[in-house]
Visitor: 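First the structure, then my questions, so here it is.
Note that this is a predicted model, so its numbers are computed, not measured. Atoms within each ligand, like the ligands themselves, are counted from 1 in listed order. We're numbering straight along the sequence, starting at 1.
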Amino acid sequence: MPELTLERVDLIRVAMRMRGRFRTSFGTQRDRDIVLARVHCGGVQGYGELTAGEEPLYSEESVETALTCLRAHLLPRVLGATVAHPADLAGRWAAVRGNRMAKAAVETAVWDAWARARGAPLSKALGGGPGRVPAGVSVGIHDDVGALLDEVGRFLEQGYARIKIKIEPGWDTDVVEGVRDAFGDIPLMVDANCAYTLADVEHLRRLDAYGLMMIEQPLADDDIVDHAALQARLSTPVCLDESIRSAATARRALDIGACRVVNAKVGRLGGHAEALALHELCRSRGVDLWCGGMLESGIGRLHNIALASLPGFTLPGDTSASERYWEQDIIEPPVTLAADGTVAVPAGPGIGHAVRADRLRAVTVAEECHTPGREPSGSRAG
Ligand code: OSB
Ligand code: MG
């Protein structure tokens with residue numbers, strides 16, 4: 001198998017306005033500040049996406065901390081390196097603690113390049129299948145229940161395979177009841193993004209009445225012990241998102257009964273290799289796993305869909321269509337939802353869709369080029 005030398009990494013910072021506001025228990029989002037990593041390896045290129053938030057609200061990382069870490073600590077450890085497999089990158093930057101989203105931006109780009117070098121779809125390189133995967137959609141917190149029901153109704157009409165409602169104290173049981181009253185027995189779950197504490201157990205137990213698929217990350221991001229105490233009191237399965245930073249943390253969480261479902265996010269886990277380890281763990285234990293999203297552009301979206309094609313992804317992910325968030329995606333064609341609630345796993349090499357150079361240029365704010373042993377050369381777009 002040919003090796004791959006990391007000759008150059010471009011960090012492309014793009015500004016993309018979402019079609020509407022997206023509110024969670026930790027903040028409201030309208031404009032995305034996204035860094036794309038483009039790696040150059042012996043004639044092939046690959047694209048990855050930084051999934052850090054503009055502010056460190058979902059996790060400790062932000063766009064700025066990730067850029068700092070990439071420039072100062074991660075890129076110097078991998079530029080010029082020759083690897084037999086994308087998973088070998090981990091060994092080169094293992095000494096750098098955390099900063100998983102920063103690592104994943106480059107690691108996923110190398111997976112794309114590696115798959116392209118073999119003429120294989122990324123899904124196949126990861127061990128997944130061709131075909132289609134069911135797609136769910138995440139619905140933000142609204143100002144009133146009527147507006148939320150309108151949005152849920154539109155997504156159901158489009159065919160989404162499950163609906164996820166963001167909740168927080170004051171926007172939970174009544175909202176879920178409203179959705180059940182309006183739409184009946186649809187596949188429904190909620191995501192609290194760490195907004196509750198164990199003091200809320202009695203309140204959260206009221207959600208058990210609504211037959212939810214799961215409640216995602218009700219308690220603190222750095223906790224699994226309280227989640228185990230909560231799960232013991234809830235019939236609704238607990239799913240962990242923020243708390244699962246590696247396959248090892250998932251193993252501990254499952255061992256103590258902190259959750260019954262696991263959310264995999266490529267960025268939060270530090271890349272596809274760790275996501276594969278988590279997939280193996282969940283599969284071997286028969287634990288339901290699904291692929292989360294981070295309001296990605298088409299590039300991150302395609303990485304998620306490739307991952308979600310693996311057999312251990314047993315529930316619909318937040319792998320929604322490009323048009324869920326973007327008027328115009330930077331990939332061509334965009335990701336589209338079929339009426340049966342599925343999105344296609346691309347059959348072309350790598351992430352499988354073209355990155356539109358003209359659209360990328362139109363949204364680029366700054367670009368910097370990193371090569372082995374040299375100071376980066378950068379430019380800011382006008
Ligand atoms: O908790 O899953 C989450 C978006 C940003 C940060 C965290 C989360 C989310 C979402 C939306 O729920 C997922 C998506 O549609 O990309
Ligand atoms: Mg979540």
Visitor: When you check the gap from the basic side-chain N to the acidic O, do Arg32 and Glu54 get nearer than 4.0 Å?
Guide: yes
Visitor: Please write down residue, atom name and distance for the protein heavy atom closest to atom 16 (O) of ligand 1.
Guide: Leu295 N, 2.8 Å
Visitor: Is there a path of hydrophobic side-chain contacts, each under 4.5 Å between heavy atoms of I, L, V, M, F, W or Y residues, that connects Tyr210 with Ile186?
Guide: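 Yes, one cluster joins them.
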Visitor: If we set the cut-off at 4.0 Å for heavy atoms, which region of Asn263 has an atom near ligand 1: side chain, backbone, both, or neither?
Guide: neither
Visitor: Looking only at the aromatic ring of each residue, does the gap between the centers of His272 and Trp114 stay below 6.0 angstrom?
Guide: no
Visitor: How close does the nearest protein non-hydrogen atom get to atom 13 (C) of ligand 1, and which residue and atom is it?
Guide: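 Here the closest protein heavy atom is Gly293 O, 3.3 Å.
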Visitor: Side chain, backbone, both or neither: which part of Asp191 comes within less than 4.0 Å of ligand 1 when only heavy atoms are counted?
Guide: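 Side chain only.
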Visitor: Measure the distance from atom 6 (C) of ligand 1 to every protein heavy atom, then report the residue, atom name and distance (to 0.1 Å) of the closest one.
Guide: Met294 SD, 3.6 Å
Visitor: Of all N/O/S atoms in Glu216, which lies nearest to the Mg ion (ligand 2)?
Guide: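 Output for this pair reads OE2.
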Visitor: With nothing but distance in play, are any N or O atoms of Phe26 less than 3.5 Å from an N or O of ligand 1?
Guide: no
Visitor: Do the side chain of Asp223 and the main chain of Asp226 share a donor and acceptor less than 3.5 angstrom apart?
Guide: yes
Visitor: For side-chain hydrogen bond (donor to acceptor under 3.5 Å, both in side chains), just list the numbers for Glu242 and Tyr58, CA-CA rounded to whole Å, side-chain angles, deciding distance to a tenth of an Å, and then say yes or no.
Guide: CA-CA 7 Å; Glu242 282 90 333; Tyr58 167 82; 4.8 Å; no
Visitor: For atom 15 (O) of ligand 1, which protein heavy atom lies nearest, and how many Å away is it?
Guide: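 The closest heavy atom on the protein side is Tyr325 OH, 2.6 Å.
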Visitor: Salt bridge check: are Arg8 and Asp10 linked by an N-O gap of less than 4.0 Å?
Guide: yes
Visitor: Consider only side-chain heavy atoms of I, L, V, M, F, W and Y, link residues closer than 4.5 Å, and tell whether Val139 and Met18 are in one cluster.
Guide: yes
Visitor: Answer with side chain, backbone, both or neither: which part of Arg324 has a heavy atom less than 4.0 angstrom from an atom of ligand 1?
Guide: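 It is neither; nothing of Arg324 touches ligand 1.
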Visitor: Evaluate Tyr58 for polar contact with ligand 1, using N/O atom pairs at a separation under 3.5 Å.
Guide: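 N/O-N/O distance below 3.5 Å does not exist for this pair.
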Visitor: Could you tell me if Thr108 and Glu49 have a donor-acceptor pair between their side chains, going purely by distance under 3.5 Å?
Guide: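 Note: Glu49 and Thr108 side chains miss the donor-acceptor criterion.
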Visitor: Going by the order shown, which atoms of ligand 1 are within less than 4.0 Å of some heavy atom of Ser138?
Guide: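 Every atom of ligand 1 under 4.0 Å from some heavy atom of Ser138: 10 (C), 11 (C), 12 (O).
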Visitor: In ligand 1, which numbered atoms sit nearer than 4.0 Å to a non-hydrogen atom of Lys265?
Guide: 1 (O), 2 (O), 3 (C), 7 (C), 8 (C)
Visitor: May I ask you to list the atoms of ligand 1 that are less than 4.0 angstrom from any heavy atom of Lys166?
Guide: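 Result: 1 (O), 2 (O), 3 (C), 8 (C), 9 (C), 10 (C), 12 (O).
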Visitor: Is any N, O or S atom of Glu242 under 2.8 Å away from the Mg ion (ligand 2)?
Guide: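 It does not; every qualifying atom lies at 2.8 Å or beyond.
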Visitor: Tell me whether Glu151 is salt-bridged to Lys166, with the criterion being a basic N under 4.0 Å from an acidic carboxylate O.
Guide: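 Salt bridge absent between Glu151 and Lys166.
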Visitor: Give the atoms of ligand 1, by number and element, whose distance to some non-hydrogen atom of Asn193 is under 4.0 Å.
Guide: 1 (O), 3 (C)
Visitor: Of all the N, O or S atoms in Asp191, which has the shortest distance to the Mg ion (ligand 2)?
Guide: OD2
Visitor: If the threshold is 4.0 Å, N to carboxylate O, is there a salt bridge linking Arg154 and Asp150?
Guide: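 Not counted as a salt bridge, because no side-chain N and carboxylate O are separated by less than 4.0 Å.
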Visitor: Do Val137 and Val145 share a hydrophobic cluster, counting only Ile, Leu, Val, Met, Phe, Trp and Tyr and linking them when any side-chain heavy atoms are less than 4.5 Å apart?
Guide: yes
Visitor: Can you tell me which portion of Asp241 lies within the under-4.0 Å heavy-atom range of ligand 1? Options are side chain, backbone, both, or neither.
Guide: side chain
Visitor: Any nitrogen or oxygen of Lys164, main chain or side chain, under 3.5 Å from a nitrogen or oxygen of ligand 1?
Guide: yes
Visitor: Would you mind reporting whether Ile331 and Ser322 have side-chain heavy atoms less than 4.5 Å apart?
Guide: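 Ser322 vs Ile331: side chains touch.
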Visitor: If the contact criterion is a heavy-atom separation under 4.0 Å, does Gln217 count as touching ligand 1?
Guide: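 The answer is no: ligand 1 sits nowhere under 4.0 Å from a heavy atom of Gln217.
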Visitor: Among the N, O or S atoms that Asp241 has, which is closest to the Mg ion (ligand 2)?
Guide: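 The Asp241 atom nearest to the Mg ion (ligand 2), restricting to N, O or S, is OD2.
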